There are 2 protein chains.
Amino acid sequence: MSEPAHTAASERVAAALRERILSGEISPGSRILQEEVADRLGASRLPVREALLMLTAEGLVTLEPNKGARVPILDRQDVEVLYQMRERLEPLALIESLPRLDDGDLAEIAGIQRRIEQHDDVREFLALDRDFHMATYGGCGIDHLSDTVTRLWNATQHYRRAFMLISGPGRRWIVNAEHGLLVDALQRRDAVDAERYLVGHIRRTRLALVAHPEVFAGKA
Amino acid sequence: MSEPAHTAASERVAAALRERILSGEISPGSRILQEEVADRLGASRLPVREALLMLTAEGLVTLEPNKGARVPILDRQDVEVLYQMRERLEPLALIESLPRLDDGDLAEIAGIQRRIEQHDDVREFLALDRDFHMATYGGCGIDHLSDTVTRLWNATQHYRRAFMLISGPGRRWIVNAEHGLLVDALQRRDAVDAERYLVGHIRRTRLALVAHPEVFAGKA
DNA sequence: TGTCTTGTGAATGGATCCATAACGTGGAAA
DNA sequence: TTTCCACGTTATGGATCCATTCACAAGACA
């Protein structure tokens, strides 16, 4: 509006919607009205339509012809398979990334992990956890791979948060142990160990998540 | 215009562009002019813009702000990693799909394979090979997984064709042997064997493809 | 002669207006 | 009272028009 308006309007709308969806302000099942979004952001409906298409590609909304956009509702099997996709793809991203991470990058990753250990708040934890893992994939220069990993994180974000809110911080130490071992393996430039701890981390999270049926609204 | 115009225009434009890109008529690096496409298909520029966004999500075009759309050029590492993604994801799709394939589906898959063995033409082979593998994933009800697999096939389509044109039909029997073993494992409902043959098939294809640097235009 | 600058053209990005399809509501008839 | 049909409202889909930005080329100055 006033100052940094030279950024493309579609991108701004997409970023705003992405933030609102990932933060949980717009929950799964909610309908997204083009005009309402346009009014709120002071843009026309056209950038909103383009933004919705972008977000569809990111797995954050589904678009039904003539019926509008919604945040998709996933059942337990959906989330379980998405986690299995993560278990298979993120190690590849890590393997591609590790050789290109310099010592500064690794120090930054370790710093994020230290901050995670200090934060109990679910909202902060979720953001930092995402930053942590994405930083470990930061050296992966393959757009297709990075984009796919981002999609998987986006699609499962709401259910990850729901699980964190239910399970509480009691067993949070496990995450810190796993992250710690992963960071150590990275600093030793040991891709085999890093992959081992990463797969274990994701797999344990998946099993813990699907063990809580109350996370999934519709069906068991 | 005249008859089946009730199908959404964006979808029609996307389908037409998808066909032209996958067939090789629009090759990597080519710029795609919105107005030219719009004129050719008798539509406005707006559906073209939406179609380009959809195709971006499918990995068929890249969109640079204020600079238009292009079919992306991949280097050898890109294609290699895309194949590694396939090696990791497609077995998961197969595992999810197999329990939901009935005997009719399996018979149809076997039929496609028989037709592959009868066709030497590269164009026919590419289409049938795609049909074959996609049919084996047909029972996988997870949209995210199916879409991702489709993206990987789309993104590598051009380089697969280039490789087929270079290598000729000489070693085509290997594909038939691999497909045959895969079909047999599927008919035995043996997911372990099926995964084994599928991974081997993709991995061998990857190694054969990256051994032909002339497939990749820019750099080695 | 080489390089920087400026101008012109073309293509993309955005906004407003119109058509169409879906949903809900109200009324009428059985 | 219930059900079905028709109408009106609302939201999305599409087309045309205008603004902005990028690219290329021609010219001027060092």
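Note that the structure is a prediction, hence the values are computed from the model and not measured. Per chain, numbering begins at 1; letters A, B, ... match sequence-line order.
Applying the ring-ring contact (aromatic ring centres under 6.0 Å, His included) test to A:Y137 and every residue at least two apart in sequence or in another chain returns nothing. Under the side chain to side chain contact (heavy atoms under 4.5 Å, CB included) criterion, B:L46 pairs with A:L46, A:R49, B:S44, B:E50, sequence neighbours left out. For B:E108, there are no side chain to side chain donor-acceptor pair (under 3.5 Å) partners two or more places apart in sequence or in a different chain. Every side chain to side chain contact (heavy atoms under 4.5 Å, CB included) that A:I95 has, sequence neighbours left out, goes to A:E195, B:R88. Remark: B:A155 engages A:H144, B:L82 in a side chain to side chain contact (heavy atoms under 4.5 Å, CB included) (not counting sequence neighbours). Taking B:E64 as the reference, nothing meets the side chain to side chain donor-acceptor pair (under 3.5 Å) condition, with sequence neighbours excluded. Remark: A:R204 pairs with A:E178 by the side chain to side chain donor-acceptor pair (under 3.5 Å) rule, at least two apart or across chains. Residues meeting the side chain to side chain donor-acceptor pair (under 3.5 Å) test with A:T136, sequence neighbours left out: none. A search for side chain to side chain contact (heavy atoms under 4.5 Å, CB included) contacts involving B:A162 returns B:V215, not counting sequence neighbours.
Using a 4.0 Å cutoff on non-hydrogen atoms, the parts of residues 59-71 of chain A near DNA chain C are A:N66, A:K67, ordered by number. Contacts with DNA chain D (heavy atom under 4.0 Å) in residues 45-52 of chain B: B:L46, B:P47, B:E50, listed by number. Contacts of residues 28-38 of chain A with DNA chain C (heavy atom under 4.0 Å): none.
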**OP:** Could you walk me through whether B:I32 and B:V37 pass the side chain to side chain contact (heavy atoms under 4.5 Å, CB included) test, one step at a time?
**Re:** CA-CA 8 Å; B:I32 299 178; B:V37 176; 3.7 Å; yes
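In this entry the distance linking CG of B:L53 with C1' of D:dG13 reads 15 Å, nearest Å.
Applying the 4.0 Å criterion to OP1 and OP2 of C:dG14, one finds that A:S10 has a side-chain N or O inside that range.
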